Engineer: 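Below: one structure in structure tokens.
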Amino acid sequence: MFRSRVVALALAACALIGHSVAAVISQPIAAVCRYIGFHVKEACAMASQVAEQKQTKPSILVKAAAFAASLAKRERPVLTASWRMCPSA
């Protein structure tokens, strides 16, 4: 009976010490991670603004879509029954 109480008390003490050590270590690590994350996000935002300023020409896909739309809108010749490719007919 006495041993089980001593073992339980020892386990509780170890758990308390482990929790306090983890809290002391995790707080600065979390602060450093937040600091680094903030600066990485800020750098990405600045880079995207620079990229938006440089991109003034339409991209290749936009040009291709415009070309396809112009082909769809063009006038096509009207073929009649008497018109043929071969002039001998």
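If you're wondering where the values come from, they're calculated on a predicted model, not measured in any experiment.
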Engineer: May I ask you to list the residues sharing a hydrophobic cluster with L71, side-chain cutoff 4.5 Å, ordered by chain and number?
Structural biologist: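 Taking Ile, Leu, Val, Met, Phe, Trp and Tyr as members, L71 shares its hydrophobic cluster with F67.
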Engineer: Please tabulate, one pair per line, all N/O donor-acceptor pairs under 3.5 Å involving side-chain atoms of residues 10-18, not counting sequence neighbours.
Structural biologist:
none

Engineer: Tell me which donor-acceptor pairs under 3.5 Å the side chains of residues 22-36 have, and how far apart each pair is, sequence neighbours excluded?
Structural biologist:
from, atom 1, to, atom 2, distance (Å)
S26, OG, A22, O, 2.9
S26, OG, A23, O, 3.4
Y35, OH, H39, NE2, 3.4

